[in-house]
Amino acid sequence: MSTKTPQAIRGTQDIFGADAEAFAFVVETFERVRRLYRFRRVEMPVFEKTEVFARSLGETTDVVSKEMYSFDDRGGESLTLRPEFTAGIARAFLTNGWQQYAPLKVATHGPLFRYERPQKGRYRQFHQIDAEVIGAGEPQADVELLAMADQLLKELGIHDVTLHLNTLGDGASREAWRAALIDYFRAVKDQLSEESQERLEKNPLRILDSKDPRDKAFLADAPKIDAFLSQEARGFFAAVTSGLDAAGVKWVRAGSLVRGLDYYRHTAFEFIPDEGGVSAAALGSQSTVLAGGRYDGLMESLGGASTPAVGWAAGIERLAMLVDAREEAALEFAVVVEGDSEQLHAAGVRTAMMARSEGVTAEVFAAGSPRKRFDKAVKSGAKVIMAYSEDADGNLQPPRMKGDEADIERIGQALREFAVKLGA
RNA sequence: GCGAUCAUAGCUCAGUUGGUUAGAGCGCCGGUUUGUGGUACCGGAGGUCGCGGGUUCGAACCCCGUUGAUCGCCCCA
């Protein structure tokens, strides 16, 4: 037998106690809110053929080549642990004939995998909640999706984050803007940071959210998307913003907010902690809490018919960091077994079972030295402690109860009710 | 992929300029005490000082490597 304990995989986490409660609270709240908006629950495979992600993401160099968990299965097929939900849902939409349900509103949550360097709020196996509207090309879909996100955050008790909103326009608007940005930055190329000089070639839009002061000097005067929007794109964005205003969703315009992938159109958004707030401090540099956009170009890249769609995802771990501490279930009823005979243990187990059947949290204390059992029961914070003991002849004594009188009465009542049901 | 900081008991951490058997608190186990069994006290188990090399008479401490953690950069679907 090896004496070395295997270590957990880098970037994975074992979530326990208060953190696990916060995690569950995020998921439970999401499940409740998505029902209010009638998003239908879907469960997706954790892995797909590599091409599902490779084709939907495009050959986005780093992401596809270096940051996915890809492997060959025993049949020699390249598979990939899902790094996101959207591509798999799009695949399912096409292969299962879900077009018949369009416009389809779906929601899911679960683990995702990305081979990245772990840091605060960033893991190799992490978890997201996700919502998508597929087959709806109208701005009202964007509005509803964002209203749901806004309500979710509020119901989680997260109030110091704000919706940052931008439009990338339609395909033509986007290309024209991109070309103008390249022209603009190329003229000052040698004054940009090394990173941005590289970005100029492969991802010029990203220069806009550079943190480097050398780049920031040029950002204010960089071309704005608004100058390149078609009439139609302008109208679409106006409909989104007025819809948000009508829904009471606060937002700010973020002209430099962009998406890396080509299939994004029109609306792009992120919920970001307000500067100087507690949420911003809690998250460190991984600040975006919920992000998404309209991806009208995605279905075609997977070989499907052109289908408009919009969606968002949010990291559960990050949301959990912003949620107030959640209490684990408090103990109401402690049953102490003062001895080790079979009838004593049986009495303890039975009594606890009766209480739990009536919805009372209960726990049996029957291990360790007899004296310590009562100590533990007292320290557990139980509202009522019941003790079973035997006399010198081994006769089971009537249980003694300690605690606030009202609590004793309430739990005693629950036990009697269970006994009545059993008799009936 | 790059950088910085860190790694000592189950947990949180001490450990002085390198110098005998590596400590504390909490937790765990056992016991004593206490007139309302949450107190106090006594004792016990538990550590190859992340791992591997090196320097030295001698390394938890210095050097190199490695693994991991944390926080940034890059990336962010």
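Please read these numbers as outputs of a predicted model, since none were measured by experiment. Letters A, B, ... mirror the listed sequences (proteins, then strands); counts begin at 1.
One can place CZ of A:R122 at 10 Å from P of B:G72, the figure rounded to the nearest angstrom. The NZ atom of A:K66 sits 14 Å away from the C1' atom of B:C76 (whole-angstrom rounding). Between A:D215 atom CG and B:C74 atom P there is a gap of 10 Å when expressed in whole angstrom units. For the pair A:I207 CD1 and B:C75 P, the interatomic distance rounds to 10 Å; values are reported in whole Å. Look at OH on A:Y123: it is 15 Å from C1' on B:G68, rounded to the nearest Å. Distance CD (A:E195) to C1' (B:C76): 15 Å, rounded to an integer number of Å. Rounded to an integer number of Å, the gap from A:E67 CD to B:C2 C1' is 14 Å. A:R124 has its CZ atom 18 Å from the P atom of B:C75, to the nearest Å.
Within the nucleic acid shown, A:G11 comes within 4.0 Å of sugar-phosphate atoms alone, with no base atom in reach, counting heavy atoms only. Backbone-only engagement by A:Y264 is indicated by non-hydrogen atom pairs under 4.0 Å involving sugar-phosphate atoms exclusively.
Rounded to whole Å, the P atom of B:G44 lies 25 Å from the corresponding atom of B:U8. Only the P atoms considered, B:C2 is 11 Å distant from B:U66, to the nearest whole Å. Of the C1' atoms belonging to B:C62 and B:G1, the separation is 31 Å, rounded to the nearest Å. Across B:G3 and B:U12, the matching P atoms stand 28 Å from one another, rounded to whole Å. For the C1' atoms, the distance from B:G68 to B:G52 is 15 Å, rounded to whole Å. Comparing the C1' positions of B:A9 and B:A14 gives an interatomic distance of 13 Å, to the nearest angstrom. For the P atoms, the distance from B:A59 to B:G38 is 49 Å, rounded to whole Å. Nucleotides B:A40 and B:A4 have their P atoms positioned 47 Å apart, rounded to a whole Å.
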Please step through side-chain hydrogen bond (donor to acceptor under 3.5 Å, both in side chains) for the pair A:E363 and A:S380, ending with a clear verdict.
-> CA-CA 10 Å; A:E363 201 142 11; A:S380 74; over 6 Å; no
I would like to know whether A:E28 and A:R326 meet salt bridge (Lys or Arg N to Asp or Glu O under 4.0 Å); could you show each step before the answer?
-> CA-CA 13 Å; A:E28 286 160 12; A:R326 313 300 302 180; over 6 Å; no
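When both distances must be under 3.5 Å, the Watson-Crick or G-U wobble mate of B:U39 does not exist. B:U5 is paired with B:A69 under the criterion used here, namely a Watson-Crick or G-U wobble arrangement in which both key atom distances are under 3.5 Å. Across all strands shown, B:C49 remains unpaired; no Watson-Crick or G-U wobble contact has both distances below 3.5 Å. Judged by Watson-Crick or G-U wobble contacts below 3.5 Å, the nucleotide B:A24 has B:U12 as its partner.
Which of B:C73, B:C29, B:U70 sits closest to the side chain of A:K376 comes down to B:C29.
Geometric assessment of A:R174 against the ring of A:F228 yields a negative cation-pi assignment under the 6.0 Å and 45° thresholds. For the pair A:R40 and A:Y101, the cation-pi test (distance below 6.0 Å, angle within 45°) is passed.
One finds a side-chain N or O of A:N203 lying less than 4.0 angstrom from the OP1 or OP2 phosphate oxygen of B:C76. A:R114 has no side-chain polar atom (N or O) that falls below the 4.0 Å cut-off from OP1 or OP2 of B:A77. In this structure, A:S285 reaches the B:G72 phosphate: one of its side-chain N or O atoms is under 4.0 Å from OP1 or OP2. A sub-4.0 Å separation between OP1 or OP2 of B:A77 and a side-chain N or O of A:R206 is present. Within the 4.0 Å cut-off from OP1 or OP2 of B:G72, at least one side-chain nitrogen or oxygen of A:Q119 is found.
Evaluation of atom-type donor-acceptor distances gives no pair under 3.5 Å for the side chain of A:R117 against the base of B:C76.
Closest heavy-atom contact between A:D170 and A:S230: OD2-OG, 2.7 Å.
Checking A:V258 against A:L283, the closest nucleotide of RNA chain B that is more toward the 5' end is the one next to A:L283. Residue A:R10 is the one, among A:G284 and A:R10, whose nearest nucleotide of RNA chain B lies closer to the 5' end (criterion: closest heavy atom).
The existence of a salt bridge linking A:K224 and A:D226 is excluded, since no basic side-chain nitrogen approaches an acidic carboxylate oxygen closer than 4.0 Å. Under the 4.0 Å criterion applied to side-chain N and carboxylate O atoms, A:R41 and A:E31 are assigned as salt-bridge partners. Between A:K372 and A:D375 there is no salt bridge, since none of the side-chain N atoms of the basic residue sits less than 4.0 Å from a carboxylate O of the acidic one.
For the pair A:V33 and A:M148, the minimum side-chain heavy-atom distance is below 4.5 Å.
With A:Y295 contributing its side chain and A:L261 its backbone, the two residues share no donor-acceptor pair below 3.5 Å.
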Report, as a single string ordered 5' to 3', how protein heavy atoms within less than 4.0 Å touch nucleotides 35-41 of chain B: B base, S sugar-phosphate only, - not at all.
-> -SBBB--
